[in-house]
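Here's the structure, in structure tokens; my notes come after.
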Amino acid sequence: MNIRKIAVKSKYLRNKHIKEERTGLDIIISRTESEGKKQVHTYIYYPENVEYLKTEGFKVIQVESVFTTHKYNINWESLI
């Protein structure tokens, strides 16, 4: 394999992982919302998904954690 093919496959896989995480976030938010809650704590590993949630109107705040920097509090109280 040459470098170009590897770069294309890497970019494709990264976009696939971002999309899978976004789908998972949608499922987590809808399940939490059906329970009547207005916020959820979860892990978001790709900054593209944090920006996506912010553009959709969610309030995303990074939670201080000793072990990781990927934990966020997602609040959609302002959307209701």
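We use all heavy atoms of the structure for the numbers below, so side chains are in, but hydrogens, waters and symmetry mates are not.
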What side-chain donor-acceptor pairs closer than 3.5 Å can you find for residues 40-51, not counting sequence neighbours?
residue, atom, partner, partner atom, Å
E48, OE1, R14, NH2, 3.3
E48, OE2, R14, NH2, 2.8
N49, OD1, R22, NE, 3.0
N49, OD1, R22, NH2, 3.2
N49, ND2, I18, O, 3.4
N49, ND2, E21, OE1, 2.4

Spacing of [X] atom [atom1] and [Y] atom [atom2] [to the nearest 0.5 Å]:
X: T32; Y: K38; atom1: OG1; atom2: NZ; value: 13.0 Å
X: E20; Y: N15; atom1: CD; atom2: CG; value: 11.5 Å
X: I29; Y: S34; atom1: CD1; atom2: OG; value: 12.0 Å

Please list every donor-acceptor pair under 3.5 Å in which a side-chain atom of residues 57-64 meets a protein atom from a residue at least two apart or in another chain.
residue, atom, partner, partner atom, Å
Q62, NE2, T69, O, 2.6

Review point. Considering residues at least two apart in sequence or located in another chain, which fulfil the salt bridge (charged side-chain N to carboxylate O under 4.0 Å, His left out) criterion with E35?
Key: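 Testing E35 for salt bridge (charged side-chain N to carboxylate O under 4.0 Å, His left out), a comparison that skips the adjacent residues, returns K37.
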